[in-house]
Amino acid sequence: MTLKHISEYRDGEICKEIAKKIHVISQKKIRLMEVCGTHTMSISRNGIRSLLPKTITLLSGPGCPVCVTTPAEVDQWVKLARKKEVIVVTFGDLLRVPGSESSLGAERANGADIRVVYSPLDCLRIAQNNPGREVVFLGIGFETTAPTVAASLIEAKKSGLKNFSIISNHKLVPPALFALLENQKVKIDGFICPGHVSVIIGGQAYSSLVDKCQIPCVVAGFEPVDILQSIYLLASQIEAGRAELKIAYRRVVAFEGNEKARDIMYQVFDVCDRRWRGLGMIPESGLELKEEFYTFRAEERFDLSVPDAKDPPGCACGEILCGTKSPHECSLFGKSCRPDQPVGPCMVSSEGTCAAYYRYQQ
Amino acid sequence: MCLAVPMKVLEVEENVARVDIGGAGKTIRLDIIDKRPEVGDYVIVHAGFAINVLDEKEAEITLGYFKELFAHDSEAH
Amino acid sequence: MTGVFMKTDKILLDHGSGGKASSDLIEELFLPYFDNKILADFDDGALLAMEGRKLAFSTDSHTVDPIFFPGGDIGKLSVCGTVNDLAMCGATSSYISVGFIIEEGFPIADLRRILAGMSQTAKEAKALIVTGDTKVVPFGTADKIFINTSGVGTVGDDVKISGKNACPGDKIILSGAIADHGITILTQREGLRLDSSLKSDIAPLNLMVEEMIKTSSKIHSLRDPTRGGIGTTLNEIAKKSEKGMKLYEKEIPIRDEVRGACELLGLDPLYLANEGKLLACVGPEDAEKLLKVIRANKYGKDAQIIGEVTKDNPGKVFMRTTSGGTRIVDMLTGEQLPRIC
């Protein structure tokens with residue numbers, strides 16, 4: 001089983017060696033946050049925690065499109081899905097995210113036309129094949145996904161597609177990291193920074209975070225060797241009292257990032273304030289369609305107004321996302337909120353903090 | 001947040017490339033990549049788009065560093 | 001052949017009426033494919049002499065979309081489904097019933113293709129299709145065709161195979177590479193298409209099981225990990241036997257192409273369906289012997305021992321990952337979908 005540039009970084013011997021080095025240098029009790037949901041998935045799937053010393057705690061951060069989606073955003077999608085002329089197109093991640101009274105999965109069971117795609121480009125083909133319907137794409141994801149949606153919109157505009165629009169729920173990572181650190185209750189000693197967002201925004205995007213907040217940041221790849229290596233780099237900085245930016249995922253991430261992708265993203269989107277679940281309203285942390293693309297705004301075509309929905313009573317996903325609470329401290333955990341019937345997003349994503357915790361301590 | 005995988009470039013034509021991972025092939029777009037890939041390169045692919053060309057030299061350095069961990073366990077670096 | 005059936009190339013509601021059109025359909029289309037002495041009696045049920053033997057009985061319905069896919073079709077799937085379910089109980093030859101629910105307007109050419117596949121698979125599996133039923137529903141009220149198969153087969157007196165019999169120290173044998181069927185079906189969907197030679201692993205396993213039973217009496221449990229993949233099936237065995245399980249990810253066979261497609265779409269191959277694989281919990285002393293027998297069968301060439309049954313952690317499945325860490329393999333909570341995170 002060899003997949004080039006993947007299998008080499010799953011080598012058990014190398015993992016053992018790096019884990020040994022971590023055990024040797026790690027004295028202080030430290031809390032490291034892996035910002036990106038794909039890191040959370042890889043950490044759980046590869047059993048990384050079982051290789052680490054007790055001194056190191058890994059926290060799952062806000063970099064997962066499911067976990068940071070607010071109930072009000074889901075309610076908007078549900079309202080849209082109930083319109084007979086609409087085909088809702090989305091990534092698979094969103095089907096089970098609960099809104100205040102329904103979810104896309106539930107609406108699909110009620111007959112709504114909801115389609116899962118691998119690429120935003122697929123929407124164009126669906127729109128062309130269904131001229132009598134309105135195709136709406138749910139634009140979720142961060143700086144890696146937003147440029148792919150932007151490129152698809154540029155293509156749609158060029159081909160004069162009339163029955164296609166998007167809801168832009170895109171969010172930006174650096175503002176969320178600053179917001180996390182401004183919250184006094186949050187105790188994070190280092191960030192495992194997202195690998196593929198950093199391909200676009202570059203390692204440079206974390207320089208001000210390191211300088212202003214004196215917190216070590218390591219941009220990590222997603223294979224077990226990459227993750228263990230980044231934990232080792234963070235732990236050694238913290239033990240030595242240093243706070244530096246390091247790009248461990250050098251084969252893929254450059255300091256300047258991918259300027260072309262950023263240009264395309266900002267040809268189509270403007271930065272705006274956006275509400276994040278658990279972190280509240282964060283200034284300049286979202287993307288909305290520019291004026292030149294207003295015809296592609298689903299909000300212009302449909303009445304998507306929804307009452308401002310609160311998190312379900314008792315749901316502590318917000319604190320769990322910030323690492324200020326752990327799952328068993330939430331009153332719903334394991335009772336009304338379980339993997340088969342999730343209440344909060346940390347239980348929805350199969351490797352979300354609460355879903356993984358529920359599985360391990362069962 | 002962003003699942004992306006290294007895929008080998010088999011063919012490049014204007015704004016698309018045919019790429020492959022383990023024998024599973026796909027045609028992907030090159031709209032947002034900042035360097036034109038050549039056949040034999042590996043590109044990182046997310047949601048049907050190539051987002052950059054994998055740096056083989058850096059990959060060698062990284063793997064070489066890890067292999068070195070076995071050669072001697074001393075804290076040389 | 002002058003029946004009503006021959007004048008149309010589409011299934012009509014008449015064919016489901018039970019009248020002349022129905023009997024024409026059965027005699028002119030079904031019988032040539034399923035012809036055998038028992039079915040020819042054409043009674044309401046099949047009279048099977050069983051001489052007081054132990055019987056295994058099972059049923060399965062199939063609604064796969066698309067109905068034709070690389071490596072097989074809904075017909076082969078429906079026959080193998082029941083043949084394999086019976087084989088997992090130790091019944092290695094079987095009598096099968098087939099129930100069709102067909103949508104009005106379904107092309108007869110497609111039905112013919114499905115019947116041919118069923119006939120060929122049944123012959124390979126030494127299974128006799130001895131009774132059946134066909135219903136036709138108005139256009140739009142069913143998705144093309146649904147097929148139910150049920151089957152009955154005799155089990156040797158000394159064969160005691162059940163999920164609850166797995167015992168500590170047993171070796172877990174997997175008969176081949178995982179996730180072929182699941183990933184093949186998923187990548188037929190619009191938007192998820194890959195250009196690859198991925199194909200389903202549909203295969204009748206009764207002859208493999210027949211050899212295994214001849215070789216050893218220490219086969220404690222046998223299961224075919226269909227929907228939900230080996231992850232779900234292993235959890236079911238662990239819960240029923242109230243034993244723990246320890247797997248070794250390195251030993252689990254998977255084709256590069258399947259692994260590549262799973263990486264690309266963010267799917268965990270442990271939870272993707274297989275339609276021609278079995279999982280066996282066997283006494284350690286016979287494990288190597290059984291492995292050789294399985295590998296001698298054309299559907300078992302890549303068989304591996306992928307773990308063992310343990311006394312501790314009852315009901316739980318743990319796995320040592322390729323990175324050396326340990327992970328819980330949970331039951332699948334819901335349909336796996338391609339994701340970006």
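In what follows, every heavy atom counts, from backbone to side chain, and hydrogens, waters and symmetry copies are set aside. Lettering of chains follows the sequences in order, A, B, ..., and the numbering in each one begins at 1. Quick caveat, the model's predicted, so the values are computed rather than measured.
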Closest heavy-atom pair and its distance - [X], [Y]:
| X | Y | result |
| --- | --- | --- |
| B:Asp31 | A:Ala151 | CB-CB, 3.9 Å |
| B:Pro6 | A:Ile6 | CG-CG1, 3.8 Å |
| A:Pro120 | B:Phe49 | CG-CE1, 4.4 Å |
| B:Ala47 | A:Ser119 | O-OG, 2.8 Å |
| B:Cys2 | A:Cys36 | N-SG, 4.3 Å |

Practice prompt. Show your reasoning for whether side-chain contact (heavy atoms from CB on, under 4.5 Å) applies to A:His5 and B:Glu56.
Written response: CA-CA 9 Å; A:His5 293 306; B:Glu56 294 280 355; 3.1 Å; yes
Worksheet item: Please walk me through it: do A:Lys260 and B:Ile32 pass side-chain contact (heavy atoms from CB on, under 4.5 Å)?
Response: CA-CA 6 Å; A:Lys260 184 175 179 193; B:Ile32 63 172; 5.8 Å; no
Worksheet item: Which residue out of A:Ile264, A:Val252, A:Val149 racks up the most heavy-atom pairs below 4.5 Å with chain B?
Response: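 Greatest number of close heavy-atom pairs with chain B: A:Val252.
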Discussion item. Please evaluate residues A:Glu8 and B:Phe66 with respect to the criterion side-chain contact (heavy atoms from CB on, under 4.5 Å), reporting the C-alpha separation (whole Å), side-chain torsions for both, the decisive distance (0.1 Å), and the verdict.
Written reply: CA-CA 10 Å; A:Glu8 307 93 319; B:Phe66 288 139; over 6 Å; no
Item to complete: Could you check B:Arg29 against A:Glu155 for side-chain contact (heavy atoms from CB on, under 4.5 Å), going step by step and ending with a plain yes or no?
Response: CA-CA 11 Å; B:Arg29 295 282 292 244; A:Glu155 179 86 5; 2.8 Å; yes
Fill in: Segment of B:Ile33 engaging chain A (4.5 angstrom heavy-atom cut-off)
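Backbone only.
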Item to complete: Select one option (side chain, backbone, both, neither) describing which atoms of B:Leu54 are under 4.5 Å from chain A's heavy atoms.
Response: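 Backbone plus side chain of B:Leu54, per the 4.5 Å heavy-atom cut-off to chain A.
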Worksheet item: Does CD belonging to A:Glu259 count more than 12 external heavy atoms closer than 6.0 Å?
Response: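 No, CD of A:Glu259 has 12 or fewer neighbouring heavy atoms, counting only those of other groups under 6.0 Å.
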At a 4.5 Å cut-off on heavy atoms, which part of [X] comes close to chain B: side chain, backbone, both, or neither?
| X | answer |
| --- | --- |
| A:Val199 | side chain |
| A:Ile200 | side chain |
| A:Lys171 | neither |

Fill in: Evaluation steps, side-chain hydrogen bond (donor to acceptor under 3.5 Å, both in side chains), between A:Thr148 and B:His46
CA-CA 8 Å; A:Thr148 69; B:His46 173 67; 5.3 Å; no
Worksheet item: Can a salt bridge be assigned to the pair A:Arg250 and B:Glu58 using a cut-off of 4.0 Å between side-chain N and carboxylate O?
Response: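 Looking at A:Arg250 and B:Glu58, the cut-off is met.
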Worksheet item: Looking at B:Leu3, B:Val5, B:Ile44, which one forms a side-chain contact (heavy atoms from CB on, under 4.5 Å) with A:His196?
Response: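 Only one option passes, and that is B:Ile44.
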Item to complete: State the CG-CG distance between A:Asn258 and B:Asn52, to the nearest 0.5 angstrom.
Response: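 Output value for this atom pair is 7.0 Å.
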Practice prompt. Could you tell me the separation between the CG atom of A:Asp11 and the NZ atom of B:Lys67, rounded to the nearest 0.5 Å?
Written response: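 That separation rounds to 6.5 Å.
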